[in-house]
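Worksheet: the structure to be examined is printed underneath.
Order of the sequence lines sets the chain letters (A, B, ...), proteins ahead of strands, with each chain counted from 1.
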Amino acid sequence: MSSGRYQALKGMKDIMPPDIHVWQSVERKAREVFSAFGFREIRPPIVEATGVFTRSIGENTDIVEKEMYTFEDKGGRSITLRPEGTAPVVRCYVENHLYNMPPPQKFYYAGPMFRYERPQSGRFRQFYQIGAECFGSPHPAADAEMLSMLRHFLSGVGLPNLKFQVNSIGCENCRPAFKDSLVAFFAEKIDDLCADCRRRYGQNPLRILDCKVEGCREARKGAPRVTDHLCEDCRVHFEHLLLLLEKLGIPHSVNPEMVRGLDYYTRTTFEVTSENLGAQNAVAAGGRYDRLVKEFGGPETPAVGFAIGMERVVELLKAAVQYDLPRPLAFLAMLGKQAGIEGVLIADRVREKGLWVELGDAGSSLKSQMRRADRLNAQYVFIAGDDELRAGSLKWKRLSDSAEGEVAIQGVVDFLQSLS
RNA sequence: GUGGGCGUAGUUCAACGGUUAGAGCACUGGACUGUGGCUCCAGUUGUUGGGGGUUCGAGUCCCCUCGCCCACCCCA
């Protein structure tokens, strides 16, 4: 608002109380659930050589073409703030020869990503993802495990009713043929397509399938469906995955029109969406990427992963769940210089036990200290004044019901420990 | 990159082109000299985002600019 001072950059936000407590609880839940599935944390750098992203995400995707924060470092190297988490993890996996460990190797990460886009509801230039990657298993069971883990996380955090959509976009054997049949299908309808789709027709015809323009919806009726054009292996893989999802009781729908924005996906892709978000309604998304490790110079290694959009999860949770703000166990009001010294010592002993105590200002009135205790929502107020110090004890008051009592100074720590 | 909406106190918002830009909440103090919340009283808070223009006079109208929000594109 004030224009002369510094502000956070466009699309970047300070995450602070009270929201930070929601963030922390989401992260805690992710670690808990992912650990139960055998995933371990990995923390790659936030900046990578630019090639890590251009080669994996795809040269003519929007991310690479116009959304990356790319700079030159002082040595003239092109470096990029990571726009997504999978490529750095794959780079790490290959660089550290993790393919020599017994498969599958399972990792998760959490942290900021950067994309230079126009911000809008649910979309930021610095945003946070929690992601998971599983290397070394080609089986549909691995895909199912990822989706199951995602569901446990979401319902564990308080979002049990989100929509799961799955699709299979085939592999390098069947996708080219499918693309060809799409191109053939749209060839005679090209005039009915919107300007964007006419461009997509040449670049990435799959994208025409999820265009929202009415004319394009109409034009694609009767278009060939990926799921009808899968090769035998891909078809079996997908059907097995669907069977497992059924058995696991994960409500899902197959959406043959779902397309992902990154080039590296093979076979399974999936997306979890919410109707309570805005236009950017994907809460989490992911899929299988069986060729990426090899492209990074490792051995052929199948893999599957997903990423969760933190601010979207937090947004939904703030609307759905009531969070209790952390509150101090006790507030120590002090009156006069002597009490001011004694009080600091008492509080120090209590805090040593890990209990939250706030100290009042010994120079201000008891009334204002009480008011501060109330605003902090402290459970107990302890009062240290001349009378109390002479008697070697403190008065206490419980703010919820105004109950009062006395406790020996020597016994304050025990007293508070018994309360917490 | 394109389109739309909005910028007034810490915050939520008022103010027909016309006096010194107001109110609720919040904050500080008091009524209650050592007991919070409720009530009452008093007090503090502004480059009306910034710059230019029109006008006797601009928070209000016009232009530029910056920022925020929403949508497209795309995505988590």
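- Ring orientation note: the planes of Phe34(A) and Phe39(A) are tilted relative to one another, at an angle of 30° to 60°.
- The nucleotide whose nearest atom lies closest to any side-chain atom of Gln7(A) is, among rA76(B), rC74(B), rG67(B), rG67(B).
- With C1' as the reference atom, rG51(B) and rU12(B) are 28 Å apart, rounded to whole Å.
- Applying the side-chain contact (heavy atoms from CB on, under 4.5 Å) criterion to Tyr116(A), with sequence neighbours excluded, gives Tyr69(A), Arg125(A).
- Contact annotation: Gln120(A) side-chain N/O to rC69(B) OP1/OP2 distance is not under 4.0 Å.
- A distance of about 33 Å separates the C1' atoms of rC25(B) and rC61(B), rounded to the whole Å.
- Salt-bridge annotation for Lys66(A) and Glu117(A): absent, with no side-chain N of the basic residue lying under 4.0 Å from a carboxylate O of the acidic one.
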* Should Thr268(A) and Ser168(A) be marked as a side-chain hydrogen bond (donor to acceptor under 3.5 Å, both in side chains) after you check the CA-CA gap, both sets of side-chain angles, and the distance that decides it? -> CA-CA 4 Å; Thr268(A) 311; Ser168(A) 174; 5.6 Å; no
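- Residue Phe124(A) is classed as a base contact, given a heavy-atom separation below 4.0 Å to a base.
- Here the two rings, on Tyr93(A) and Phe135(A), have centers that are under 6.0 Å apart.
- Here the separation of rG46(B) from rA21(B), taken at their P atoms, is 12 Å to the nearest Å.
- Distance check on atom C1': rA15(B) versus rU54(B) gives 22 Å, rounded to whole Å.
- Between rG43(B) and rG49(B), the two C1' atoms lie 29 Å apart (nearest whole Å).
- Across His229(A) and Pro224(A), no two heavy atoms sit closer than the pair CE1-CB, 3.6 Å.
- At whole-Å resolution of the value, CZ in Arg118(A) and C1' in rC74(B) are 14 Å apart.
- For Asp19(A) against Lys318(A), the heavy-atom pair with the smallest separation is OD2-NZ, 3.0 Å.
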Return all side-chain donor-acceptor pairs below 3.5 angstrom for residues 327-337 of chain A, not counting sequence neighbours, or 'none' if the list is empty.
unit_1    : atom_1 : unit_2    : atom_2 : d
Arg327(A) : NE     : Asn377(A) : O      : 2.8
Arg327(A) : NH2    : Asn377(A) : O      : 3.2

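- Atom CG of Asp62(A) is separated from atom P of rU2(B) by 16 Å (rounded to the nearest Å).
- The nearest whole Å value for the distance from the CZ atom in Arg260(A) to the C1' atom in rC75(B) is 8 Å.
- Atoms CG and CE, from Asp62(A) and Met68(A) in turn, are 12.0 Å apart once rounded to the nearest 0.5 Å.
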Please table the atom pairs, donor to acceptor, closer than 3.5 Å between any side-chain atom in residues 341-356 of chain A and protein atoms at least two apart or in another chain.
unit_1    : atom_1 : unit_2    : atom_2 : d
Arg351(A) : NE     : Val357(A) : O      : 3.1
Arg351(A) : NH2    : Val357(A) : O      : 2.7
Trp356(A) : NE1    : Glu358(A) : OE2    : 2.8

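- Proximity note for Ser121(A) (side chain, C-beta onward) versus rA71(B), rG67(B), rC74(B): the nearest is rA71(B).
- Atom C1' of nucleotide rG1(B) and atom CZ of Arg115(A) are separated by 17 Å, given to the nearest angstrom.
- Looking at Arg390(A) and Asp386(A), no side-chain N of the basic residue comes within less than 4.0 Å of a carboxylate O on the acidic one, giving no salt bridge.
- For the P atom pair drawn from rG22(B) and rU39(B), the interatomic distance equals 26 Å after rounding to whole Å.
- Both Gly309(A) and Leu9(A) sit near RNA chain B, but only Leu9(A) has its closest nucleotide nearer the 5' end.
- Glu311(A) has its CD atom 13 Å from the P atom of rA76(B), to the nearest Å.
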* Tell me, what's RNA chain B's dot-bracket, Watson-Crick or G-U with both distances under 3.5 Å, | for other-strand, [ ] crossing? -> (((((((..((((....[...)))).(((((.......))))).....(((((..]....))))))))))))....
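- Of the residues in residues 264-287 of chain A, those placing a heavy atom less than 4.0 Å from an atom of RNA chain B are Gly278(A), Ala279(A), Gln280(A), Ala282(A), Val283(A), Ala284(A), Ala285(A), in numerical order.
- For Asp290(A), the side-chain contact (heavy atoms from CB on, under 4.5 Å) criterion is met by Thr266(A), Arg267(A), Arg288(A), Pro302(A), not counting sequence neighbours.
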Just list the side-chain donor-acceptor pairs under 3.5 Å for residues 183-191 of chain A, sequence neighbours left out, or say none.
unit_1    : atom_1 : unit_2    : atom_2 : d
Lys189(A) : NZ     : Ala219(A) : O      : 3.3

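- The interatomic distance linking Glu133(A) (CD) with rA76(B) (P) rounds to 12 Å, in whole Å.
- For RNA chain B, the neighbouring residues in residues 10-44 of chain A, judged by any heavy atom under 4.0 Å, are Lys10(A), Lys13(A).
- Annotation: rG18(B) and rU55(B) have their C1' atoms spaced 12 Å apart (nearest Å).
- The interatomic distance linking Gln165(A) (CD) with rC75(B) (C1') rounds to 14 Å, in whole Å.
- Note on Arg312(A): every side-chain N or O is 4.0 Å or more away from OP1 and OP2 of rC75(B).
- Rounded to the nearest Å, the gap between the C1' atom of rU48(B) and that of rA23(B) is 16 Å.
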Residues 273-284 of chain A side chain polar contacts: donor-acceptor under 3.5 Å, at least two apart:
unit_1    : atom_1 : unit_2    : atom_2 : d
Ser274(A) : OG     : Asn276(A) : N      : 3.0
Glu275(A) : OE2    : Lys163(A) : NZ     : 3.3

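- Look at CD on Glu117(A): it is 12 Å from P on rC72(B), rounded to the nearest Å.
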* Sugar-phosphate atoms are those with a prime plus P, OP1 and OP2; base atoms are the rest. Using that split, label each nucleotide of nucleotides 26-38 of chain B B, S or - for protein heavy atoms under 4.0 Å, 5' to 3'. => -SSS--B-BBBB-
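- Residues in residues 38-49 of chain A take part in these salt bridge (charged side-chain N to carboxylate O under 4.0 Å, His left out) pairs, two or more places apart or across chains: Arg31(A)-Glu41(A), Glu41(A)-Arg43(A), Glu48(A)-Arg91(A).
- With sequence neighbours excluded, no residue forms a ring-ring contact (aromatic ring centres under 6.0 Å, His included) with Phe53(A).
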